Amino acid sequence: MQFSKLKIFRKQKGFTQEEIAEKLGVSRQAVAKWERGETMPDIESCLKLADLYETTVDMLVRNIGKEDVDGDGKYIFGCSKMNSKGQITLPAKCREIFNLKPGDNILVIGDIEKGIALVNLGDIPSNEPYLGE
């Protein structure tokens, strides 16, 4: 499944689809179609979006497949949806690359501005302390 990075950039900047549409002089439906990868914005809109999102046009229009890596060990695996219990399922390729197995302890750390990170602590024996819930 392919999808556009436009929604990711918009969410990171805290804009709604309506706000982006207003700033670009297009309909909210057009913004929604761009974000779903159904259509692409014209070059003028791409330039405005790049300015709004403080990125480059190249970064905006490249699609993310099941995984995307830029050669320096940084990956984009796609999206996961959180369920009502606050649980997410990590994509299989993510679990494979980072050697995550059922029963592994995962440390969750966060920064309000930079987001959330997961650290694999592995299978900690029951006699060793760890940070729990």
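Here the structure is a predicted model, which is why all the values come from computation and not from measurement.
Closest approach of A21 to R28, counting heavy atoms only: CB-N, 3.6 Å.
The shortest side-chain heavy-atom distance between I20 and L49 falls under the 4.5 Å cut-off. At least one side-chain heavy atom of L90 sits under 4.5 Å from a side-chain heavy atom of L118. In this structure, the side chains of F15 and V31 stay at 4.5 Å or more apart for every pair of heavy atoms. Between N120 and F98 the shortest side-chain heavy-atom distance does not fall below 4.5 Å.
Ring geometry, Y53 versus F9: the interplanar angle falls under 30°, so the pair is classed parallel (tilted spans 30 to 60°).
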Practice problem: Would you sort out whether M40 and L6 count as a side-chain contact (heavy atoms from CB on, under 4.5 Å), showing the intermediate values? | Solution: CA-CA 10 Å; M40 291 293 293; L6 295 175; over 6 Å; no
Practice problem: Could you check L52 against K23 for side-chain contact (heavy atoms from CB on, under 4.5 Å), going step by step and ending with a plain yes or no? | Solution: CA-CA 9 Å; L52 280 171; K23 289 177 185 298; 3.6 Å; yes
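A salt bridge links E44 with K48; the closest basic N to acidic carboxylate O contact falls under 4.0 Å.
A 6.0 Å sphere centred on NZ of K33 holds no more than 12 heavy atoms belonging to other residues, nucleotides or ligands. Within a 6.0 Å sphere centred on CD of E18, heavy atoms belonging to other residues, nucleotides or ligands number more than 12.
Considering R10, K5, K7, K11 in turn, R10 is the only one that fulfils the side-chain hydrogen bond (donor to acceptor under 3.5 Å, both in side chains) rule with E35.
In this structure, CG on N105 lies 11.5 Å from CG on L100, to the nearest 0.5 angstrom. Rounding to the nearest 0.5 Å gives a distance of 12.5 Å between CZ of R95 and NZ of K101.
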